[in-house]
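All values reported here derive from a predicted model rather than from experimental measurement. Just so it is clear, the values below take in all heavy atoms, side chains as well, and ignore hydrogens, waters and symmetry mates. Protein chains get the first letters and strands the later ones, always in sequence-line order, with residue 1 at the start of each.
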Amino acid sequence: MGLHTRMSEETNLSVDVLRHSAAHLLAQAVLDLYPETKTGIGPAVETGFYYDFLRDTPFTPEDLERIEARMKEIARSNIPVERLVLPKDEAIRMFEERKQPLKVELIREKGDATVTVYRQGPFADFCLGPHVASTGVLENVKLLSVSGAYWKGDEHGPQMQRIYGAVFATRKELEDHLRLLEEAKKRDHRRLGAEHDLFSTSDVLGAGLILWHPKGARIRAVIEQHWRERHWAGGYDILYTPHIGRATLWETSGHLGFYKDSMYSPMDIDDQPYYLKPMNCPFHIQIYKSRMRSYRDLPLRWAELGTVYRYERSGALHGLLRVRGFTQDDAHIICTPAQIEDEILRVLDFSVSILADFGFTDNKIELSVRDPKNLGKYAGSDALWRQAEASLIKALETRGYPYERMEGEAVFYGPKIDIKIKDAIGRLWQCTTIQFDFNMSERFGMTYVGEDGQEHRPYMVHRALLGSLERFFGVLIEHYNGSFPLWLAPVQTVILPIAERHEAYAKSLDDKLRAGGLRSTVDLSREKVGKKIRQAEVEKIPLILVVGDKEVERGSASLRVHGQGDKGEIAIARFLEQALAFNSQKSLIVNF
RNA sequence: GCCAGCGUAGCUCAGCAGGUAGAGCGGCUGAUUUGUAAUCAGCGGGUCAGGGGUUCGAAUCCCUUCGCUGGCUCCA
């Protein structure tokens, strides 16, 4: 079951209406229990609903229980919900009397000549609706968390308390949803990362900085190796650039102007200020500018696994998904205007194809373009933007990919395509971004000599495909729930000798598998096979080989596949051949 | 950064009225030589995140720093 069911499975109620009405129910319960509270807004959101409250004392988890209990009481008493249409001034008076200044503010801002107000019992709210007919259908409700939120999203405005909740038409749907939340918690990459010894962070080191443990590093090495092979095959060249650069570079690039808040303080080297890099582009541009470029040299496709450092506010940090130091799988495509359409299509195909290698085939694509009401704030000419946007759209349409057009979501230096990948339990994660950059090429004065012997400005496109290796790794862990497919698994095979006398055979088998190209290991603990198997299953090792008297004698092994159980005896040569085939084909499931 | 919650052994957690720390798993040692998801026994292991304060006495109360969590904002 997904998180975004539009209609309730067993009733004919719209999930959004249910959620929005539950938000009203929440506000009613809060005002019942804490009458001095000022109410803000309370919409339905993707996973449920929330309501923002302004109150001197914060809500505690115990308060939430009380509020939820009160909500259920009100729901059970099945109060009718009425829709009123009032003249604006009358509505304002109504909420002034109710001592709800935030509502008055909202009505003043948003209300037309007449406004709609929904009322249930003593509670009333300024709201467009629609709503359920009465509160009886809102009984299957659960409050989930409290957090801070700013009035109208302005961090200098008053800080409110936001209560989140979930509601469903039936008890079963609510329980299923809560189970899904539990499931998401269980496959949290931070938890799995510790359990499987993949990565850690350290208080001593500092927040938002990732330590890749041997097993995590193996996976990363496999990802990087695959990434390099695909890039070379895909017409890219690979670069390496330093981690720091002189202030001059960042002044020219404009980062010290528009990105300084995300950069760390400079360090002093021979009386010159140097900065840790927050982006790789200025370095790639220096390589571009190291000599004259002819139109015959273009397109250039330059990729780098470039580690960048960005200041993130402490509250924004989150496991591997939001960190302060990360490695982007960055690339810059530098080409002529005539090449741009082909290059965009090519990078789009390339991105989709590599995401698919990792098992992500269900993507959401967003096209971010200028805000038509504010065309002045963008770098680059109108003509450039038009051609860039057209090339992005053409690529998407050529492939028939559905996409969402996001007006005003473009960065100031160019339009972009973002690809969000959907994981095993339906959540979306931002990975790929393909962005035009009209700013950098201008600032650094990038040129090439055209057929006409004149200097021209090339197009430059930034591209991060997996996004950052840290984030991508986090998403992979959650997507596969720690059970990595064979080709990515840090340990691909484990050999379990039944007794001590089988250890020599187990070790020689291990050598053979390693020599053949598998990441293999032997469990030499003096435990019973049952224990060793359990251990291997818990560690989610894809292939388990049990060897005892029978196997030693016949030069074979007993195969057990993770999640599939005992597969019986197999000849070593056949096992190795098939395992290597699954490995090189990057099969998501193995079938011996 | 802001609001709220949290930080006890490697991990999960108990210690809920202030009286100098406890379990399970893991680890180590020994016995067992084992056939498809946990063999038995013994042992070690904690400046209770760091610092400061209140108190005769602090894991427990207060302040502060660091880190983590859920959000707000932002983003690869």
Side-chain angles (χ1 to χ4, degrees), chain A residues 50 52 54-55 57-61 63-64 144-164 185 188 190-191 194-195 197 200-209 261-262 278-280 306-308 310-330 411 418 429-433 435 462-472 474-475 496-503 525-539 544-551 558-562 565-569:
Chain A
Y50 69 79
D52 286 346
L54 194 59
R55 184 166 175 259
T57 44
F59 293 114
T60 64
D63 291 338
L64 246 58
L144 296 170
S145 62
V146 217
S147 64
Y150 301 102
W151 174 236
K152 294 179 179 167
D154 172 12
E155 62 180 291
H156 304 293
Q159 176 131 23
M160 308 190 63
Q161 295 177 65
R162 177 169 297 179
I163 299 180
Y164 282 91
K185 214 162 138 188
D188 188 312
R190 292 165 298 188
R191 176 195 171 108
E195 245 169 48
D197 200 15
S200 66
T201 53
S202 154
D203 293 11
V204 180
L205 224 184
L209 302 169
D261 288 350
S262 297
M279 291 187 191
N280 302 301
T307 304
V308 297
R310 297 181 186 174
Y311 173 72
E312 295 286 352
R313 303 202 285 181
S314 57
L317 300 173
H318 181 96
L320 290 172
L321 303 181
R322 195 72 184 275
V323 295
R324 284 179 173 161
F326 57 97
T327 300
Q328 285 185 310
D329 70 321
D330 211 351
V411 270
D418 288 329
W429 303 93
Q430 155 92 60
C431 284
T432 307
T433 184
Q435 316 185 336
H462 300 279
R463 178 232 71 178
L465 204 168
L466 306 176
S468 92
L469 292 179
E470 283 74 7
R471 174 177 290 179
F472 189 73
V475 176
L496 312 182
I498 284 171
E500 206 169 339
R501 63 179 178 278
H502 310 122
E503 284 180 4
S525 62
R526 301 284 154 80
E527 299 283 353
K528 292 164 100 167
V529 231
K531 175 67 177 286
K532 293 185 185 182
I533 285 171
R534 181 184 149 73
Q535 188 60 32
E537 291 285 354
V538 168
E539 284 179 34
I544 300 166
L545 295 169
V546 179
V547 295
D549 290 336
K550 193 175 73 180
E551 290 80 9
S558 269
L559 174 65
R560 190 187 163 99
V561 179
H562 174 68
D566 193 356
K567 309 291 270 190
E569 196 181 358

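- Here, B:G27 and B:U73 have their C1' atoms 44 Å apart, quoted to the whole Å.
- Residue contacts shown for A:Gln430 are limited to sugar-phosphate atoms, with no base heavy atom under 4.0 Å away.
- The aromatic ring of A:Phe326 sits over the base of B:A76, with ring centres less than 5.5 Å apart and planes tilted by under 30°.
- The base of B:U33 does not come close enough to the side chain of A:Arg501 for any donor and acceptor atom to sit less than 3.5 Å apart.
- Separation of the C1' atoms belonging to B:G70 and B:C25 is 28 Å when rounded to the nearest angstrom.
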- [ ] Using Watson-Crick or G-U wobble pairs with both distances under 3.5 Å, give me RNA chain B in dot-bracket, 5' to 3', with [ ] for crossers and | for pairs to another strand.
- [x] (((((((..((((.....[..)))).(((((.......))))).....(((((..]....))))))))))))....
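- A:Ala207 comes within contact range of the sugar-phosphate backbone alone, with a heavy-atom separation under 4.0 Å but no base atom that close.
- A close approach under 4.0 Å does not occur between any side-chain nitrogen or oxygen of A:Lys531 and OP1 or OP2 of B:U33.
- Put simply, A:Ser147 has no side-chain N or O that comes within less than 4.0 Å of OP1 or OP2 on B:C3.
- An OP1 or OP2 oxygen of B:G70 is reached within less than 4.0 angstrom by a side-chain nitrogen or oxygen of A:Arg190.
- Of the candidates B:A76, B:G35, B:U33, the closest approach to any side-chain atom of A:Glu551 belongs to B:G35.
- Comparing B:U12 with B:G53, their C1' atoms sit 33 Å apart, to the nearest whole Å.
- Closest to the A:His318 side chain, of the nucleotides B:G70, B:U33, B:G35, is B:G70.
- Nucleotides B:U8 and B:G51 place their P atoms 16 Å apart, quoted to the nearest Å.
- Only the P atoms considered, B:C3 is 30 Å distant from B:C16, to the nearest whole Å.
- Across B:A58 and B:G44, the matching P atoms stand 27 Å from one another, rounded to whole Å.
- Nucleotides B:C66 and B:U55 are separated by 28 Å at their P atoms, to the nearest Å.
- Taking the side chain of A:Ala149 as heavy atoms from C-beta on, and the options B:C68, B:C72, B:G70, the nearest nucleotide is B:C72.
- When the nearest nucleotides of RNA chain B are assigned to A:Arg162 and A:Ile544 by heavy-atom distance, the more 5′-ward of the two goes with A:Ile544.
- For the P atoms, the distance linking B:G26 with B:C40 amounts to 10 Å, nearest Å.
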